[in-house]
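Residue numbers start from 1 in every chain, and the chains themselves are labelled A, B, ... in the order their sequence lines are given, proteins ahead of strands.
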Amino acid sequence: MLNRQGRPSQAGESGMNSAKTFTGNRALEQVEPLLFEIGRLETTGVDLDEPQAFTPRLGGLERQDGIGLPGLSEPETMRHFVRLSQKNYAIDTGIFPLGSCTMKHNPRLNEAMARLPGFADIHPLQPQSTVQGALDLIAQLKEWLKELTGMPDVDMTPKAGAHGELSGMMAIKAAIIAKGEAATRTVVLVPESAHGTNPATAALIGFTVKPVPARENGLVHIDDVKALLGPDIAAIMLTNPNTCGLFEKDIVAIADAVHEAGAFFYCDGANFNAIVGKVRPGDLGVDAMHINLHKTFSTPHGGGGPGAGPVVLSARLAAFAPLPLLEKNGNGFALCESEKTAEARGAHPYGRITAFQGQMGMFVRAFSYMLSHGADGMRQASEDAVLNANYIRAGLRDLMSQPFGDKPCMHEALFDDQWLKETGVTTLDFAKAMIDEGFHPMTMYFPLVVHGAMLIEPTESESKASLDLFVAALRDLAMAAKAGDTERFTQAPRLAPRRRLDETLAARKPVLKWVPPVPLSEAAE
Amino acid sequence: MRYLPHSDTERADMLAAIGVGAIDDLFTGVPADKMLKGPVNLPRRKSELEVARILGSLAAKNVPASTVPFFVGAGAYKHHVPATVDHLIQRSEFLTSYTPYQPEIAQGTLQYLFEFQTQVATLTGMDVANASMYDGSTACGEAVLMAHRVTKRNKAILSGGLHPHYAEVVETLSYMANDRVMRLPADVKAAEDIIALIDNETSCVVVQTPDVFGNLRNLRAIADACHAKGALLIAVFTEAVSLGLVTPPGAMGADIVVGEGQSIGNALNFGGPYVGLFATKSQYVRQMPGRLCGETVDAEGRRGFVLTLSTREQHIRRDKATSNICTNSGLCSLAFTAHMTLLGSEGLARLARINHAHAVKLADMLANVKGVEVLNQSFFNEFTLKLGKPAASVVEALAAKKILAGVPVSRLLPGAGLDDLLILASTEVNTDEDRAILVAALKEVL
């Protein structure tokens with residue numbers, strides 16, 4: 001996940017990649033300029049007829065300059081973006097073992113369902129009588145999420161995991177305000193191993209963040225939490241299973257202690273895929289937990305979004321869920337979009353976190369995933385995800401070091417860089433060498449509490465044959481590192497569309513958009 | 001289960017290789033009394049055919065925009081998206097990849113993000129744009145937080161022409177973060193005097209154009225007034241196509257421009273996923289939220305792209321980050337960029353002219369209907385009508401006649417005493433026949 005600044009590999013001998021061609025292309029690997037370098041200002045790839053003459057009513061605000069964006073014809077557009085696509089690694093091309101990201105198979109049935117006109121071609125503000133099927137789907141998805149988590153309510157609106165965290169923490173803040181404790185409960189406890197979004201979220205809405213130390217076994221200890229609890233604590237944000245790939249065994253005791261201290265328990269649900277159908281957050285004392293539909297329920301990651309982050313809420317927080325609220329009455333389903341109406345029904349929404357009512361496109365995909373799996377399939381998926389992670393762990397444990405000893409993990413296996421000591425190879429180098437072997441690297445340098453962390457999450461989608469090849473390749477790399485073949489690592493990747501990129505240069509002199517090359521006449525001056 | 005590759009024999013072999021006897025031996029970290037004994041109380045797995053039937057029947061209960069005369073806008077717009085766009089975003093390599101953390105094998109995503117940033121900055125008339133936000137409303141909320149960081153003040157003034165959902169998002173964030181916000185009452189005719197309210201404590205003024213009622217607003221004087229008091233002007237738009245025809249906010253002095261990009265490349269999707277556009281001036285780039293893609297070179301000197309300036313972000317800065325945002329709206333920004341590439345300046349300008357022409361034609365037809373008043377002096381593809389009766393009941397009556405006629409202001413601003421106002425949008429998808437049907441039906445129900 002975390003991309004630690006790396007040293008650019010040296011130019012020079014790079015094996016088969018060094019063969020020169022006239023075009024710069026290498027067979028299937030095509031050089032593709034920026035669209036601004038190949039597009040023309042007068043070109044368009046759509047056929048539109050000029051409207052008949054009319055008197056504009058723009059109030060004198062008609063654009064004075066040209067827009068300045070070149071266009072491409074349709075075949076050129078297709079080729080441009082298809083060539084770009086071929087420079088990407090993807091789940092559909094190979095194992096994508098990014099820990100904490102749950103890169104599982106994205107079923108195409110879900111894409112087809114989300115594109116049904118009845119879901120894709122409806123407007124968020126068209127009359128509710130004309131979207132009853134959509135509201136029904138959201139209501140059913142809520143019921144499934146409630147059953148899977150054992151929680152009494154769900155806030156469906158957040159647009160991503162971090163947005164869900166924000167919404168859940170806002171509900172907690174609203175509950176604290178309602179209790180008249182806003183002035184005193186100002187601190188949120190966050191373990192050092194947490195995702196960066198947790199402290200960022202708490203800070204965004206005015207909380208002070210206090211870290212909870214991680215113990216040598218990778219777990220949060222009840223005594224450490226108890227020592228920090230007091231009348232100033234608003235909430236604890238705990239990831240479970242945690243970012244070390246372990247289930248927090250003290251979780252019930254922690255929840256009890258947190259509640260006893262009058263605080264709330266926020267659970268980061270990023271790793272829910274390990275436990276779906278096996279154990280329910282509601283049975284563990286959780287007050288709020290976001291669910292990354294793009295992780296656990298397979299909506300595509302899309303190169304970094306869009307996601308969706310519904311938040312399940314305990315009975316203590318349900319009344320504070322944001323607008324709009326979905327309800328069922330005699331006429332079917334309805335959205336309650338006003339605070340006044342909600343208050344009249346006994347709810348106290350904390351406000352609104354986004355326009356409209358959430359990521360419908362993601363809801364359809366996630367519900368399609370759930371229907372396909374069913375209760376039995378989802379339980380099996382979690383078991384297979386855990387099985388696969390442990391199979392990789394078992395396959396590598398004699399060569400690579402595990403920071404918390406040789407014991408079972410949940411759905412991701414964590415190694416540190418102890419075993420690379422004195423090899424001259426870093427975690428980053430090792431990851432880049434995996435690229436040459438045709439794999440996407442694991443999550444590197446996260447969690448921060450583990451030195452040179454390598455977090456491997458294969459998901460349930462990988463076959464045994466795929467895992468066997470992955471393990472065999474990593475064993476080969478590990479032995480090469482130990483044997484002193486450092487070039488294979490420090491020079492990696494050699495075979496990717498690019499060698500290592502200079503991230504320092506990118507940050508020091510930011511070039512964030514294309515600018516036309518300086519005309520020759522000006523350059524001469 | 002069709003998505004799970006293992007046979008039971010393989011599972012047993014793998015457990016043996018791990019050195020445990022049963023799958024639950026891997027769940028020993030979970031308190032034993034909390035483990036579920038069997039599957040939860042939900043239906044068992046279903047085939048593709050069964051799932052398609054269930055979801056198909058739910059979809060069939062909705063009225064798609066393309067099946068009726070359709071005039072609904074107010075923050076999301078029905079446009080024609082070329083078939084190429086949806087094909088491209090379903091390319092496996094785009095659809096099933098992650099945030100480009102390993103740039104050597106993610107140049108496809110990174111290059112289109114660089115192209116997207118360039119398009120957004122150019123279109124809005126700004127120096128720099130980020131790699132997108134969740135949607136327009138959350139981009140608006142983040143813009144206000146950014147203005148607070150830049151000015152080291154915490155009072156925002158929101159125009160009464162700002163989309164009410166956007167205003168509520170800002171109000172919620174401000175309330176939670178203990179910031180101040182002054183929201184002006186609904187300003188149907190763009191008559192408010194926002195300049196008079198700017199003082200030395202104001203961090204930003206947020207103005208939408210075209211505003212939620214469709215009026216176009218000249219931002220120049222507001223920008224000057226903001227700058228005289230050390231405040232920033234945040235310009236908002238919900239209809240990106242308007243930028244093909246209307247002076248962009250950057251040319252009117254805006255410091256931050258945010259907007260909804262759904263109109264270009266993206267379907268209505270009942271409200272999401274959409275794509276938030278976010279652009280600003282160069283000097284503020286390090287206070288910007290969200291992902292940024294930048295140009296660099298690789299070890300052999302070849303041009304390449306990476307995520308950059310990440311020291312602003314949560315995974316490095318944790319509680320000191322500029323935002324808690326962890327992703328962008330990747331695939332929706334690709335849809336935007338692919339559609340924008342097909343359009344080019346020529347296509348976008350023409351599309352915008354068609355939209356404006358259709359709206360002008362519709363406004364003139366409606367102005368002749370008895371009991372209807374068009375309130376706008378200026379507009380792009382959307383305007384507000386004053387009807388003689390509650391707009392919500394008119395919209396329901398027209399929906400019963402299979403016409404989706406617009407958004408009653410009471411839906412966005414319940415209890416504001418604006419129940420007889422209706423916001424209508426007309427885009428390139430509307431035909432002369434659609435307009436005639438709407439006008440005839442409106443005469444009947446009024």
Side-chain angles (χ1 to χ4, degrees), chain A residues 3 8-9 11 44-46 48 51 59 67 71 84-85 87-92 113 116-118 120-121 123-125 127 130 133 159 162 196 199-201 203 205 209 247 302-306 338 351-352 355-356 359-361 371 374-375 377 394 408 463-464 496 498-499 506 511 513-514, chain B residues 1 5 18 26 29 39 42 44-45 55 58-59 61-64 72 91-93 96-97 99 101 104-105 107-109 118 134 137 165 168 172 176 267 269-273 294-296 298-299 304 308 314-315 318-319 321 324 326-327 329-331 342 344-347 357 378 399 407 414:
Chain A
N3 195 5
S9 42
T44 180
V46 295
L48 294 166
I67 300 167
L84 287 187
S85 77
K87 300 177 197 308
N88 266 5
Y89 193 93
I91 303 170
D92 288 349
M113 294 298 100
L116 291 172
D121 195 27
H123 190 287
L125 296 175
T130 65
K159 302 223 147 215
T201 298
I205 53 172
V209 175
F247 196 94
S338 107
R352 177 181 273 283
F356 314 128
Q359 303 282 68
M360 184 66 187
L371 287 172
S463 68
K464 182 170 177 295
R498 285 289 177 275
R499 305 289 297 279
V511 178
K513 69 172 181 184
W514 181 80
Chain B
M1 209 284 127
I18 296 164
L26 299 175
L42 290 168
R44 67 186 296 278
R45 67 171 174 261
L55 293 175
L58 284 171
K61 290 180 187 163
N62 307 317
V63 180
V72 190
R91 287 281 306 185
S92 284
E93 302 90 330
T96 76
S97 61
T99 301
Y101 285 124
E104 299 89 347
I105 47 172
Q107 285 298 301
T109 296
T118 305
Y134 305 136
S137 70
H165 285 182
E168 287 167 32
T172 300
M176 288 289 169
N269 284 327
F270 199 44
E295 184 182 317
T296 187
D298 78 349
T308 193
Q314 47 77 26
H315 62 283
R318 298 178 79 83
D319 56 328
N324 76 333
C326 188
T327 51
S329 195
L331 215 56
L342 283 165
S345 295
E346 277 295 307
S378 68
V407 179

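From B:Asn62, atom CG reaches atom OG1 of A:Thr130 across 7.5 Å, with rounding to the nearest 0.5 Å. Within the model, atoms OH of B:Tyr134 and NZ of A:Lys159 stand 10.5 Å from one another, a figure rounded to the nearest 0.5 Å.
Per-residue heavy-atom pair counts under 4.5 Å with chain A were compared for B:Ser97, B:Pro414, B:Gly330, and the maximum is reached by B:Ser97. In terms of heavy-atom pairs under 4.5 Å with chain B, the best-connected choice from A:Ala120, A:Gly59, A:Ser463 is A:Ala120. Among A:Ala355, A:Gly361, A:Pro117, A:Ala203, the residue making the largest number of heavy-atom pairs under 4.5 Å with chain B is A:Ala355. No other option in A:Gly374, A:Pro306, A:Pro51 has as many heavy-atom pairs under 4.5 Å with chain B as A:Pro306. No other option in A:Thr44, A:Asp92, A:Asp121 has as many heavy-atom pairs under 4.5 Å with chain B as A:Asp121. Of the residues considered (B:Thr109, B:Thr308, B:Thr99, B:Thr296), B:Thr296 shows the highest number of contacts with chain A, using heavy-atom pairs under 4.5 Å. By number of non-hydrogen pairs under 4.5 angstrom with chain A, the leading residue of B:Gly344, B:Ser378, B:Ala59 is B:Ala59. Contact count versus chain B (heavy atoms, under 4.5 Å) is highest, among A:Ser338, A:Gly71, A:Ser85, for A:Ser85. Highest contact tally toward chain A, considering only B:Thr96, B:Leu331, B:Thr327, is held by B:Thr96 [criterion: heavy-atom pairs under 4.5 Å]. Each of B:Ser329, B:Ala267, B:Gly294, B:Gly304 has some count of heavy-atom pairs under 4.5 Å with chain A, and the biggest count is that of B:Ser329. Taking A:Lys87, A:His123, A:Lys513 one by one and counting their heavy-atom pairs under 4.5 Å with chain B, the maximum is reached by A:His123. Interface remark: of the candidates B:Gln314, B:Glu104, B:Glu346, B:Glu104 forms the most heavy-atom pairs closer than 4.5 Å to chain A.
Contact of B:Ala399 with chain A is made through the side chain alone, with heavy-atom distances under 4.5 Å. Heavy-atom distances place the side chain of B:Met1, and not its backbone, under 4.5 Å from chain A. Looking at A:Leu125, the atoms closer than 4.5 Å to chain B (heavy atoms on both sides) sit in the backbone and in the side chain alike. Of the atoms belonging to B:Ser92, heavy atoms from both backbone and side chain fall under 4.5 Å from chain A. With a 4.5 angstrom heavy-atom cutoff, B:Arg91 touches chain A only via side-chain atoms.
Counting all heavy atoms, side chain and backbone alike, B:Asp298 lies closest to A:Arg499 at OD2-N, 2.9 Å. The nearest pair of heavy atoms linking B:Leu26 to A:Pro408 is CD2-CB, 3.9 Å. When all heavy atoms are compared, the tightest approach of A:Ala496 to B:Ile105 is CB-CG2, 4.1 Å.
Judged by distance alone, with hydrogens and angles left aside, the side-chain atoms of B:Thr172 form a donor-acceptor pair with the main-chain N or O of A:Arg352 at under 3.5 Å. No side-chain donor-acceptor contact under 3.5 Å links B:His315 to the backbone of A:Gly196.
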